[in-house]
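Structure, as structure tokens:
The figures that follow rest on heavy atoms only: side chains count, while hydrogens, waters and symmetry mates do not. Throughout, protein chains are lettered first and strands after them, A, B, ... in sequence-line order, and every chain is numbered starting at 1.
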Amino acid sequence: MSTNQYNRFTVTAALPYANGPKHIGHLAGAYIPSDVYVRYLRLSGKDVIYVCGSDEHGTAIPNQALKEQTTPQAIIDKYDALIRECFDKLGISFDIYHRTSEAIHHQTSQEFFLTLYNKGLLSEEVSEQYFDEEAKVFLADRYIVGTCPKCGHTNAYGDQCEKCGSTLSPRELINPRSTLSGKTPILKPTRHWYLPLEKYEPWLRDWILKSHQHDWKPNVFGQCKSWIEAGLQPRAMTRDLDWGIKVPLPGAEGKVLYVWFDAPIGYISATRALFDEITSGNRKYATPRSDFSKADKDDWKKYWQAKDTRLIHFIGKDNIVFHCIIFPVMLHTSEEFILPDNVPANEFMNLEGDKMSTSRGWSIEMHEYLADFPDKPDVLRYALLTNLPETKDSEFTWKDFQAKNNNELVAILGNFVNRAVVLTQKYFDSEIPARKELVDVDKKALADLKQYPTLIASSIEAFRFREATANLMDLARVGNKYLAETEPWKLAKTDMDRVGTILNIALQIAASLAIVSEPFLPFTSRKLKDMLGVGDWNWKEAGNPDLLNPGTKLREATLLFEKIEDAVIDSQIKKLMDTKRAVELAQQPAVPAKAEISFDDFSKMDIRIGKILKAERVEKSKKLLKLQVDTGLDVRTVMSGIAEHFTPEEVIGKQVTILVNLAPRKIMGVESQGMILMASDKDGSLKLLSPSTETAPGSQVS
RNA sequence: GGCGCGGUAGCUCAGGUGGUUAGAGCGUUGGAUUCAUAACCCAAAGGUCGGGGGUUCAACUCCCCCCCGCGCUACCA
């Protein structure tokens, strides 16, 4: 079916997994592009719903609860609220942001499962799985470690050895142990229901490889092809877990639906909830953005079952297999639902040269950005939009973020609008002047103006959001160029009719900018419309040279954007480094304890408090400082390998802990009489051990 | 190992089904200008399109080999 035969759109954005905060890579992957797309559709008067919600099941939630010493419910409540609030503040305009923990979702998922089950499409199989007797749970591959059978690495995971890279299954591990309890797991038979993906291979070949070779993105298509060619296998749709959606079958106690079975169904549940809430007037999660006043409770079906509905899934590349293979097979075999027409998955966005990762502390979390830049959601949207990982992994840097703000949003877009409005203020007392006779340069500007909305629209429709964003900025460039060419500030002395014509055209360009910027920069669009004293327009009015009526007054000029100074950027980069370091330290295990010793062994050491009187570098040595230390017994020379961590000036006058009865030893030709004790931090840095308050030199440490 | 996607100016990236001097933005340099948040506008410099073969009148674009990065490899969400 070609695009123009569709009468309505169902747009989904990947359900964020509610086990932690989400970062700007997630925004770039799915939420920003889908929001631009949906806002554009709405402005164009299309019938569209935009659904999302928190994904709250799966093994990682209870695990996170364990880590935070709380309950799974507390985890999902916490992160659902956090993620929900961030999306709102960033202007992600879902019609509903739902939760998979809601009853209606449990019901929808169980119905879906039973539909497949009753059709006899799920096969039941018993297999032996590792079970942790202490934690009383079956273990996912990732939670089993052991010795790699190929390289002997002692900490290989149940699915893969990170040392040699080989793919493993838990049964291959030598001396397996559970990461939950540390105990050796036992094998225990367990029964599960499988979706026989291999049976649908011919159908998938036809649907994807034949029908969507040209309209799906190469990365998406290639990934699907890779999976299909590799040969599909049955995939278990249930798990042994007590957190999730109960398997609705007799004798299935302790079993839940596989989180990847229920998560995509969440799109459907969210849609049901949307129409429930609209028609009942009971708003809990829904924030409908279009006019649904005539909606019916059952209208959710139109958005999931009618052939003239276009379903689009926005996701990151990690989700391709679920949205292009597994979920479509589920939809197809249920024989009740439509299939996605496109899945414009993005690649990943890296950060300052490294992969983004919340757990490694190398990321910009949404809530942290919003805390640091509360009035700048559009700046982030713009910086991400201009660099979306549409065809390959892309790179976010703070310097680039600053440059995009200062050189484009401020200097091009903000500046153009400001010039037009301020000039009108100056020469016409803020009253929009009329156009008089047009010369070539005016006609050229109006002709350009007319083209841009079409150009931008076609880029959006082709899921080329980066290109669309660049076109948006180019329209502002047209405005700046027009002002530079016509120079109204010079004509103001001689020809006010001409000045009026020019400013009318400049303001008309600004008005169209207010329309076409809405999908990309919704907050800025609002600000600009307020400044121009106008309401909302439809997309098809963009490019119209008569949006603004001569004689009406403009509001006071305000700046759309402000410059971001170097210091702000530098502190963000520092914050990033600090967080990473803190996480690394927290994750590094302490060095194992040494062998036991007796008290006598200990008491042989004479440890005292000393004071460093003098310190100097040692020639030709990188590590050594030559210290003069007052030990209370004497003043002696001690060579200490701390030069990479301290300057001589830093340590002079410091009280330290010193082992005084260590046998003297010549180091670099100097006799060292004792040893300064140091704490070696997890990152390898050294810390002096000083008494908490000034203590007499010679005091014994025991 | 296998498969997939990438490797294009200093940086971030575009370049359907091969065809005139390989593009954009930023950065750099020079010019012009002063209405504007020292912003805008104009211009220039800058690339053996990862490397090597091949097909072709013609290849960044098709085929083969190699190197590098990323991803997937099916119970990590």
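Side chain of A:Tyr194, nearest nucleotide from B:G25, B:C72, B:C75: B:C75. The nucleotide whose nearest atom lies closest to any side-chain atom of A:Asn387 is, among B:U73, B:C75, B:C13, B:C13.
For the P atom pair drawn from B:C66 and B:A24, the interatomic distance equals 36 Å after rounding to whole Å. B:C60 sits 15 Å from B:U8 when the P atoms are compared, rounded to a whole Å. When the P atom is compared between B:A59 and B:G1, the two are found 33 Å apart, to the nearest whole Å. Comparing B:A39 with B:C72, their C1' atoms sit 48 Å apart, to the nearest whole Å. Across the P atoms, B:C13 and B:G46 are found 24 Å apart, a figure rounded to whole Å. Taking atom P on both B:A43 and B:A32, the two are 15 Å apart, rounded to the nearest angstrom. Rounded to whole Å, the separation between the C1' atoms of B:U12 and B:G54 comes to 34 Å. Separating the C1' atom of B:C41 from that of B:U33 is a span of 8 Å, rounded to the nearest Å.
Counting heavy atoms of neighbouring residues, nucleotides and ligands inside a 6.0 Å radius, atom CG of A:Asp242 does not exceed 12 of them.
Counting only N and O atoms by type, the side chains of A:Asn346 and A:Lys217 include a donor and acceptor under 3.5 Å apart.
With rounding to whole Å, A:Gln213 atom CD is found 12 Å from B:U17 atom C1'.
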Under 4.0 Å protein heavy-atom contact, by nucleotide of nucleotides 34-42 of chain B - B base, S sugar-phosphate only: SBBB-SSSS
Each nucleotide of nucleotides 4-9 of chain B classed B (base within 4.0 Å of a protein heavy atom), S (only sugar-phosphate) or -, in 5' to 3' order, makes SSSS--
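Using bins of under 30°, 30° to 60° and over 60° for the plane-to-plane angle, the ring pair A:Phe87/A:Tyr97 lands in the perpendicular bin.
Taking the nucleotide of RNA chain B with the nearest heavy atom to each of A:Tyr258 and A:Leu232, the more 5' of the two is matched to A:Leu232.
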In sequence, state the C-alpha distance, the side-chain angles, and the governing distance for A:Lys22 and A:Thr358, and then conclude on side-chain hydrogen bond (donor to acceptor under 3.5 Å, both in side chains). CA-CA 8 Å; A:Lys22 297 296 136 189; A:Thr358 300; over 6 Å; no
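Residue A:Tyr267 forms a ring pair (Phe, Tyr, Trp, His ring centres under 6.0 Å) with just one option from A:His98, A:His105, A:His313, and that option is A:His313.
Remark: RNA chain B forms stems of 3 or more consecutive Watson-Crick or G-U wobble pairs, all pair distances under 3.5 Å, at B:1-7 with B:67-73, B:10-13 with B:23-26, B:28-31 with B:41-44, B:50-54 with B:62-66.
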